[in-house]
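Written below as structure tokens is the structure these notes are about.
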Amino acid sequence: MKGLQDIKAEIDQYVSSTNKPALEVIEALNKHYFNKAVTAEIQLYKKKKKKVAEITKNLKISHRRFYKILEDKKVEFTKYNKSKEEDEA
């Protein structure tokens, strides 16, 4: 708990020195650490060490959102296309 109190104190000090709202600072930190986690998971995905289902479960996001992130970062991926198989049958 002491570490959390130190973090809170640092955030309060930063908020007072920059005149930004505390929620804006927290959202920026959240976005930074989420992107950091996504980047680490994408590296494992590229090496084929993790599957999309595992990654989305760890990050608590949907498959569609993960595929959108992959598109934005221009990472090659293959999606399961269910409609193709239904047309052939």
From [X] atom [atom1] to [Y] atom [atom2], the distance as rounded to the nearest 0.5 Å:
X: Lys50; Y: Thr56; atom1: NZ; atom2: OG1; answer: 10.0 Å
X: Ile69; Y: Phe34; atom1: CD1; atom2: CZ; answer: 4.5 Å
X: Leu59; Y: Glu41; atom1: CG; atom2: CD; answer: 5.0 Å
X: Gln13; Y: Thr18; atom1: CD; atom2: OG1; answer: 10.5 Å
X: Leu70; Y: Ile55; atom1: CG; atom2: CD1; answer: 7.5 Å

Quick one: closest heavy-atom pair of [X] and [Y], and the distance?
X: Ile42; Y: Phe66; answer: CG1-CE1, 4.2 Å
X: Tyr45; Y: Glu76; answer: CE2-O, 4.1 Å
X: Glu54; Y: Lys49; answer: OE1-O, 4.5 Å

Query raised in the report: Crowded around Lys48 NZ? As in, over 12 foreign heavy atoms under 6.0 Å?
Result: no
For residues 10-36, the salt bridge (Lys or Arg N to Asp or Glu O under 4.0 Å) pairs (sequence neighbours left out) are none
Any carboxylate oxygen within less than 4.0 angstrom of a Lys/Arg side-chain nitrogen, looking at Asp6 and Lys2? no
TODO: Spell out, yes or no, whether Ile61 and Leu44 are grouped together once hydrophobic residues are joined by side-chain heavy atoms under 4.5 Å, including indirect joins.
DONE: no
Taking the side chain as C-beta and beyond, is there a heavy-atom pair between Lys8 and Leu4 under 4.5 Å? yes
- Query: Any side-chain heavy atom of Val52 sitting closer than 4.5 Å to one from Phe77?
  - Reply: no
Grouping ILVMFWY residues whenever side-chain heavy atoms fall under 4.5 Å, the cluster of Val15 otherwise contains Ile7, Ile11, Tyr14, Val25, Ile26, Leu29, Tyr33
